[in-house]
Amino acid sequence: MSVEPVRHRASGLAFALAAALFFGGAGVAARPLLDAGMDPLQVTWLRLAGAALLLSPMALLHWRVLVRRPLLVVAYGVFPMAGVQALYFAAVDRIPVGIALLIEFLGPVLLLVWFRLVRRSRVAPAAAVGVVLAVVGLGLLLEVWAGMSLDPVGVGLALGAAAAQVGFFLLSDATGEDADPLAVIAIGSVVAAALLAVLARPWTIPWGTLSEPLPLGGTQVPGWAIALWLALVCTAMAYFAGVSAVRRLSPQVAGGVAYLEVVTAIVLAWVLLGEALSTVQVVGAVVIVAGAFITQTAVPSRPSPDGSAEEPGLVPATDTAGADPRAD
């Protein structure tokens, strides 16, 4: 039985900011490897396998977490790690980094839909407005009136990453005090790398690419340095900060702060890769971020009758049998 995480806003916000910055550079860092001939699954496997190797001492030290919480660890490896990253990199291979991440970040909107349809929690009116804004912004971003100029497969992959992102928030919040977040990440990365190895076939990776200088932002960076950055900063450190943020805040609040990742990715993609959005797409991006942020922060957290805090964007559904309006 898990122990409820302790909420702490100050440190939670610090972790959330760090996670947004660390995650935000992943797509930009992956682009040189993708352009050099690696496919998205191979880049994803390099990222997760590198993180698993770096965190292997932690995985060995806390191996009992796998015994105590096997479903949590396996699910974390499948959805937030393997699922989100593989689908996101596959999307980045087809559509611009910033747009792929914006679509992925419809995840918090889907999170609210999860609470409404699955948890049967009533949604605050302002949160519903946020959902509508996010959908309108997505239409502007995709320029649907022009027949959608973006690769529809890439858009679908990014939406898949958004669905998998919901698992990140839910599973991170369910970690509890009995499972060290770094231990969950360490073992989860091992699980993810093992699962993806079947699809990525690491023996077919063009390993010589890692010894070559690759173009990034007008300079040449060794392939191995990019792979190390992806594994250490954009994966191990990013997931640790992200899980710590969710446990100290809540899935909704952490999801709102995480939108700084979108800003980071768009700026880096513009500066380092020359990927600029059109005026209409910039408007769409702003509307998406505003809508999703409103969705997450529509209702301030407030004490519930049992002394815990209600989640933002939700109102108690005391008249619904078996409903729990709060996150795990």
Sorted by chain and residue number, the side chain to side chain contact (heavy atoms under 4.5 Å, CB included) partners of Phe79 (sequence neighbours excluded) come out as Ala75

Residues passing the ring pair (Phe, Tyr, Trp, His ring centres under 6.0 Å) test with Phe23, sequence neighbours excluded, are Tyr239

Listing, residues 208-231 side-chain donor-acceptor contacts under 3.5 Å, not counting sequence neighbours, or none:
from	atom 1	to	atom 2	distance (Å)
Thr209	OG1	Pro206	O	3.1
Ser211	OG	Gly208	O	2.7

Residue pairs meeting salt bridge (Lys or Arg N to Asp or Glu O under 4.0 Å), one or both in residues 155-169, sequence neighbours left out, come to none

Applied to residues 182-195, the salt bridge (Lys or Arg N to Asp or Glu O under 4.0 Å) test, sequence neighbours excluded, yields none

Applied to residues 71-80, the salt bridge (Lys or Arg N to Asp or Glu O under 4.0 Å) test, sequence neighbours excluded, yields none

Applying side-chain hydrogen bond (donor to acceptor under 3.5 Å, both in side chains) to Ser244 and not counting sequence neighbours gives none

So the salt bridge (Lys or Arg N to Asp or Glu O under 4.0 Å) pairs with at least one residue in residues 19-35 (sequence neighbours excluded) are Arg31-Glu275

inquiry  = Do Leu34 and Leu46 sit in one hydrophobic cluster, given that two such residues count as connected whenever their side-chain heavy atoms are within less than 4.5 Å of each other, even indirectly?
reply    = yes

So the side chain to side chain donor-acceptor pair (under 3.5 Å) pairs with at least one residue in residues 87-97 (sequence neighbours excluded) are Arg94-Asp151

Distance-only criterion, 3.5 Å: show the donor-acceptor pairs between side-chain atoms of residues 127-136 and protein atoms not counting sequence neighbours.
none

Scan the side chains in residues 191-204 for donor-acceptor partners under 3.5 Å anywhere in the protein, sequence neighbours excluded, and list what turns up.
from	atom 1	to	atom 2	distance (Å)
Thr204	OG1	Gln42	NE2	3.2
Thr204	OG1	Arg201	O	2.7

By ring pair (Phe, Tyr, Trp, His ring centres under 6.0 Å), Phe89 pairs with (sequence neighbours left out) none

